[in-house]
There are 2 protein chains.
Amino acid sequence: MAGKKHETAPVRRGRPRAYDAEAALKQATETFWKTGYSGTSLDSIAAATGMNPPSLYAAFGNKHALYLDALARYWEISLTATREALAQDRPLAEALMLAFDAALSIYFSGKGSARGCFVLGTAVVESVEDVAIRTSVARGLRAIDADFEARFRTARERGELKPGADPEALAVLASATMHSIAIRARAGARRAELREVARKAVSAICGCPVEAN
Amino acid sequence: MAGKKHETAPVRRGRPRAYDAEAALKQATETFWKTGYSGTSLDSIAAATGMNPPSLYAAFGNKHALYLDALARYWEISLTATREALAQDRPLAEALMLAFDAALSIYFSGKGSARGCFVLGTAVVESVEDVAIRTSVARGLRAIDADFEARFRTARERGELKPGADPEALAVLASATMHSIAIRARAGARRAELREVARKAVSAICGCPVEAN
DNA sequence: GGATATTTGTATGATACGTTACAAAAATAG
DNA sequence: CTATTTTTGTAACGTATCATACAAATATCC
């Protein structure tokens with residue numbers, strides 16, 4: 001059982017690849033991010049990655065499979081960011097703000113102006129007709145819910161919440177705030193504005209004023 | 001100044017139109033709703049409306065203008081539904097639930113399965129690159145915010161809120177709940193599930209349990 | 001009825017789409 | 001060096017795209 005298959009260069013027989021699959025996936029993601037799935041042509045992906053169509057197909061299968069890879073990669077990055085923010089050893093309100101700030105950092109990571117959430121900008125359109133994409137979106141949303149809910153349960157154990165507070169209900173509000181920020185970012189809202197939205201939401205959720213910071 | 005121009009049939013000189021522009025716009029909306037803006041071809045719109053390409057262009061200009069009409073019409077319907085729900089003479093929690101239920105009625109109004117929010121399913125993809133669409137989305141989002149905020153201000157005047165409650169912050173949460181429901185609907189969530197989300201959000205927002213009803 | 005105005009239906013243009021065929025290129029194996 | 005293997009680059013295939021040209025159709029005006 002020695003010698004995996006998709007490892008980097010054990011031995012390579014023919015002409016060497018001119019591309020880095022991981023870098024190409026990143027570039028493809030950028031392209032989808034701008035024009036969506038249906039609105040993005042393979043030509044534009046080829047231009048962005050510097051790869052030829054045959055190489056793209058050899059590396060990723062086809063447009064749909066390539067997009068699914070990009071979507072999975074985005075969820076991975078995005079969910080990890082949320083999870084790590086919430087895992088910080090901070091008071092509840094601060095941890096929530098860290099999570100929203102992490103999302104904002106992703107939404108405003110484009111070179112030009114804001115591009116908002118990748119899922120909203122590419123997956124949500126297709127999700128109604130495309131089962132694979134819909135499944136991915138649904139799974140991602142559940143993960144966000146679960147992460148927030150876990151943090152609120154911890155908060156209750158730590159006495160950060162009023163006795164009557166319901167972690168599930170608060171998680172719904174926190175998820176909703178995340179979704180709201182994602183939508184507003186796509187609509188061109190500025191970062192400071194979205195941070196205000198997050199601040200107001202957190203202060204209402206936690207029942208305490210949150211400093212602008 | 002007698003005799004408007006776009007009125008219905010003062011006199012009509014040539015061959016009569018075979019289509020009803022309003023009905024066609026509705027059909028076009030249905031088509032965009034399913035496959036998005038970029039994913040919808042004029043052929044499919046022609047098929048859905050029963051109109052020929054030249055008639056479509058004569059009636060609406062081009063694909064982009066047609067879509068903008070559809071988007072405006074959707075905002076009109078959707079915002080009116082929210083506004084009317086919130087204007088009902090009901091306790092705050094009930095009024096909020098009415099607003100969310102009104103949205104759900106739209107999201108689940110398709111003949112087949114759920115199709116979620118039209119804006120999320122068509123406009124949000126294009127909004128980053130298309131100024132006109134982005135402007136429309138931004139305006140709609142602001143309208144939702146304003147409607148909720150107005151209702152919360154009324155609630156404070158009526159003494160439905162705790163003295164310290166901040167109408168703006170609560171409006172952010174209510175808007176966010178609306179956005180969240182819209183996203184989840186696109187991801188295939190069932191109606192009952194979304195109503196639960198709304199119920200939890202409302203109970204957390206109002207600080208009181210909300211009956212399932 | 002004849003002239004005029006407007007819409008319909010079809011056919012088509014020019015381009016863009018996703019995908020693949022195929023020869024040249026560039027590596028290793030012996 | 002020759003044979004073999006893999007990737008590249010180009011060109012192309014068939015289809016779909018948005019949009020329009022044009023004749024036939026159908027109405028009103030006089």
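Throughout, protein chains are lettered first and strands after them, A, B, ... in sequence-line order, and every chain is numbered starting at 1. Just so we're clear, the structure is a prediction, and the values are computed from it rather than from any experiment.
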**OP:** Name the nucleic acid region contacted by Thr40(B), choosing base, sugar-phosphate or nothing; use a 4.0 angstrom heavy-atom cut-off, strictly under.
**Re:** sugar-phosphate

Original post:
Does Ser41(A) make a side-chain N or O approach to OP1 or OP2 of dC17(C) shorter than 4.0 Å?
Top reply: yes

Subject >> Spacing of His64(A) atom NE2 relative to dC17(C) atom C1', expressed in whole Å >> reply: 16 Å

Subject >> Gap between atoms CZ and C1', on Arg13(B) and dT8(C) respectively (whole Å) >> reply: 18 Å

Original post:
Whole-Å distance between dC22(D) C1' and Asn52(B) CG?
Top reply: 14 Å

Original post:
How close or far is atom P of dT17(D) from atom CG of Leu42(B), stated in whole angstroms?
Top reply: 9 Å

Original post:
Counting any heavy atom closer than 4.0 Å, what does Pro16(B) reach on the DNA or RNA strands: base, sugar-phosphate only, or nothing?
Top reply: sugar-phosphate

Original post:
Starting at the 5' end of DNA chain D, which residue's closest nucleotide do you reach first, Gly39(B) or Arg15(B)?
Top reply: Gly39(B)

**OP:** Looking only at non-hydrogen atoms, find the nearest pair between Glu126(A) and Thr122(A) and report the distance.
**Re:** CG-O, 3.5 Å

Original post:
Quick check: does any side chain N or O of Asp166(B) sit under 3.5 Å from a backbone N or O of Glu168(B), one acting as donor and the other as acceptor?
Top reply: yes

Original post:
Can you check the Tyr19(B) OH to dA25(D) P distance for me, whole Å?
Top reply: 20 Å

**OP:** Return the value, rounded to whole Å, for the distance between atom CZ of Phe60(B) and atom P of dC18(D).
**Re:** 16 Å

**OP:** Spell out yes or no: do the side chain of Arg17(A) and the base of dT7(D) have one donor N/O and one acceptor N/O closer than 3.5 Å?
**Re:** no

**OP:** Measure from CG on Leu56(A) to P on dT20(C) and round the result to the nearest Å.
**Re:** 13 Å

Subject >> Aromatic ring proximity, centroids under 6.0 angstrom, Phe118(B) and Phe32(B) >> reply: no

Original post:
Taking the nucleotide of DNA chain C with the closest heavy atom to each, which residue, Pro54(A) or Ser38(A), is nearer the 5' end?
Top reply: Ser38(A)

**OP:** Check whether any side-chain N or O of Arg186(A) sits under 3.5 Å from a backbone N or O of Arg115(A) as a donor-acceptor pair, and report yes or no.
**Re:** yes

Original post:
Taking all atoms of both residues into account, what is the closest heavy-atom pair of Tyr107(A) and Ala185(A), and its distance?
Top reply: CD1-CB, 4.0 Å

Original post:
Rounded to the nearest Å, what distance is computed from the CZ atom of residue Arg12(A) to the P atom of nucleotide dT8(D)?
Top reply: 10 Å

